[in-house]
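A note on names: the letters A, B, ... follow the listed sequences, proteins ahead of strands, and every chain is numbered from 1.
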Number of protein chains: 2
Amino acid sequence: MAHDSGLRLTPQRRVILRVIEESGDHLDAETIWKRAKEHDQKLNLATVYRTLVVLKDMGLIDQRYFARKHKREIYESAHKPEHYHFTCKACGEVSEFQTGHITELRAELETEFGWRMSHSCLCFEGYCAKCAERCAESD
Amino acid sequence: MAHDSGLRLTPQRRVILRVIEESGDHLDAETIWKRAKEHDQKLNLATVYRTLVVLKDMGLIDQRYFARKHKREIYESAHKPEHYHFTCKACGEVSEFQTGHITELRAELETEFGWRMSHSCLCFEGYCAKCAERCAESD
DNA sequence: TTCATTGCAAAATTTTTGCATACGA
DNA sequence: TCGTATGCAAAAATTTTGCAATGAA
């Protein structure tokens with residue numbers, strides 16, 4: 001936050017960023033707000049939304065999608081090493097995994113189409129090993 | 001719609017499905033509604049939302065995300081061959097591409113973790129060739 | 001001191017729901 | 001005929017904004 005343009009490092013922003021960085025989880029605005037309020041009773045949800053925009057613009061956090069049914073914006077720390085997500089449609093568990101395929105594909109596409117990539121989002125949905133046995137049917 | 005459980009093929013559903021199938025685009029509920037209303041003046045937005053759920057459950061359409069800033073649910077026909085998306089952050093254009101990397105990765109993950117995959121969503125963001133020249137800076 | 005940031009409340013946006021009526025099978 | 005689907009209006013859920021007051025630099 002000690003940046004060029006007059007951005008200020010307020011206690012609110014400090015707390016919100018810390019909540020996101022300390023959580024291994026993937027959080028929506030309201031969850032971030034609830035957790036941050038444990039440290040700052042008066043913190044307002046509107047401040048959370050405004051701060052998320054600022055932190056995202058600064059590249060400190062990433063907004064993500066994990067599953068088609070997601071209705072809310074989801075955030076996680078941008079400091080985690082590049083990874084992707086698998087969501088189990090039965091138990092809802094989100095697993096992270098790594099792979100070189102995307103880096104490779106990215107390079108191929110940049111060469112082929114002249115695109116300059118800045119973000120990748122890959123998410124799989126399906127059934128985890130545990131649930132796959134029970135849920136052979138359905139979508 | 002000529003299915004098992006008492007689902008009915010109403011004119012509304014027919015029109016909504018046709019709008020999605022005939023559009024090469026990626027549509028949100030309101031856009032679908034506007035286009036469908038050209039064929040059915042009285043069509044209600046609530047009906048569109050309800051129909052989207054039904055069509056999605058039947059596997060006739062897919063819900064997707066293309067970019068982190070997307071606020072609305074986006075749909076496209078499920079009959080298109082498997083493909084992925086790149087969104088230009090400058091001009092907003094959405095390009096589709098194909099690749100074998102995901103199929104391969106999918107198989108690897110199924111083997112490694114025992115997951116059973118049902119959906120993949122891969123989206124890249126960045127700058128298209130045209131915009132890349134002008135927009136070397138910014139997120 | 002100055003201007004970015006906050007809290008609060010109100011508005012905007014997007015999606016869902018209740019209910020009486022209409023209509024497909 | 002029977003029960004699913006629709007239209008309408010109202011509610012819910014999520015995010016954004018206006019504005020006066022606050023506080024970081």
Side-chain angles (χ1 to χ4, degrees), chain A residues 1-20 26-58 60-76, chain B residues 1-20 26-58 60-76:
Chain A
M1 209 83 56
H3 262 235
D4 41 336
S5 53
L7 284 177
R8 290 174 186 174
L9 181 48
T10 62
Q12 290 90 336
R13 287 179 177 173
R14 214 188 301 262
V15 171
I16 290 166
L17 182 57
R18 199 174 55 151
V19 163
I20 297 169
H26 314 98
L27 310 175
D28 60 41
E30 196 178 1
T31 306
I32 293 166
W33 178 52
K34 283 179 184 151
R35 295 200 189 172
K37 273 206 298 187
E38 293 169 13
H39 302 97
D40 178 352
Q41 287 293 319
K42 299 247 173 269
L43 181 65
N44 194 278
L45 181 54
T47 300
V48 173
Y49 277 108
R50 282 187 283 227
T51 299
L52 289 173
V53 171
V54 171
L55 297 177
K56 189 165 59 165
D57 286 348
M58 296 178 70
L60 295 176
I61 63 175
D62 273 337
Q63 184 179 348
R64 315 213 66 107
Y65 287 114
F66 298 143
R68 295 163 307 147
K69 72 177 168 53
H70 275 197
K71 292 281 150 62
R72 309 188 64 153
E73 299 173 354
I74 304 287
Y75 295 87
E76 68 178 358
Chain B
M1 209 81 56
H3 262 236
D4 40 337
S5 52
L7 284 178
R8 290 177 186 175
L9 181 50
T10 62
Q12 289 91 336
R13 286 179 177 173
R14 212 187 302 261
V15 170
I16 290 167
L17 182 56
R18 199 172 57 151
V19 163
I20 297 169
H26 313 98
L27 309 175
D28 60 42
E30 197 179 0
T31 306
I32 293 166
W33 178 53
K34 282 179 185 150
R35 296 200 189 172
K37 274 207 297 187
E38 293 169 11
H39 301 97
D40 178 351
Q41 287 294 319
K42 300 250 173 267
L43 182 65
N44 194 277
L45 181 54
T47 300
V48 173
Y49 277 108
R50 282 187 282 225
T51 299
L52 289 173
V53 171
V54 171
L55 297 177
K56 189 165 58 165
D57 286 348
M58 296 179 70
L60 295 176
I61 63 175
D62 272 338
Q63 182 179 348
R64 316 214 65 108
Y65 287 114
F66 298 142
R68 295 163 307 146
K69 72 178 167 52
H70 274 198
K71 293 280 150 66
R72 309 189 65 154
E73 300 174 354
I74 305 286
Y75 294 87
E76 68 178 357

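What separates NZ of B:K37 from P of D:dT6 is a distance of 16 Å, to the nearest Å. A:Q41 has its CD atom 17 Å from the P atom of C:dT6, to the nearest Å. B:Y65 places its OH atom 13 Å from the P atom of C:dT14, with the value rounded to the nearest Å. Following rounding to the nearest Å, B:D40 (CG) and C:dG24 (C1') show an atom-to-atom distance of 15 Å. Distance CG (A:L52) to C1' (C:dT5): 15 Å, rounded to an integer number of Å.
Within the 4.5 Å cutoff, side-chain heavy atoms of B:L52 are placed close to those of B:I61. Using a 4.5 Å cut-off on side-chain heavy atoms (C-beta onward), A:R14 and A:L9 make contact. The shortest side-chain heavy-atom distance between B:T10 and B:R13 falls under the 4.5 Å cut-off. Looking at B:L60 and B:I20, their side chains never come closer than 4.5 Å, going by heavy atoms from C-beta outward.
Panel note: side chain A:R64, backbone A:E76; no donor-acceptor pair is recorded below 3.5 Å. Side-chain N or O atoms of B:T51 include one that pairs as donor or acceptor with a backbone N or O of B:T47 at under 3.5 Å.
Scored by the salt bridge (Lys or Arg N to Asp or Glu O under 4.0 Å) test, B:R72 finds B:E30 as partners (sequence neighbours excluded).
Atoms CG and CD1, from A:D62 and A:I74 in turn, are 13.0 Å apart once rounded to the nearest 0.5 Å.
The stretch residues 35-49 of chain A participates, sequence neighbours left out, in these salt bridge (Lys or Arg N to Asp or Glu O under 4.0 Å) pairs: A:D25-A:R35. Within the structure, ring pair (Phe, Tyr, Trp, His ring centres under 6.0 Å) contacts touching residues 26-49 of chain B (residues at least two apart or in different chains) are B:H26-B:F66, B:H26-B:H85.
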Restricting to nitrogen or oxygen on both sides, can you table the protein-nucleotides 21-25 of chain D pairs closer than 3.5 Å?
unit_1, atom_1, unit_2, atom_2, d
D:dG23, N2, A:R8, NH1, 2.4
D:dA25, OP1, A:L9, N, 3.3

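The rotation axes computed at either terminus of the helix from C:dT1-D:dA25 to C:dA25-D:dT1 lie 40° apart, taking five pairs at each end and rounding to 10 degrees.
Comment: A:K71 engages B:E73 in a salt bridge, judged by a side-chain N to carboxylate O separation of less than 4.0 angstrom.
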Generate the contact string for nucleotides 10-19 of chain D. Rules: B means base contact, S means sugar-phosphate contact only, - means no protein heavy atom under 4.0 Å. ----SBBBB-

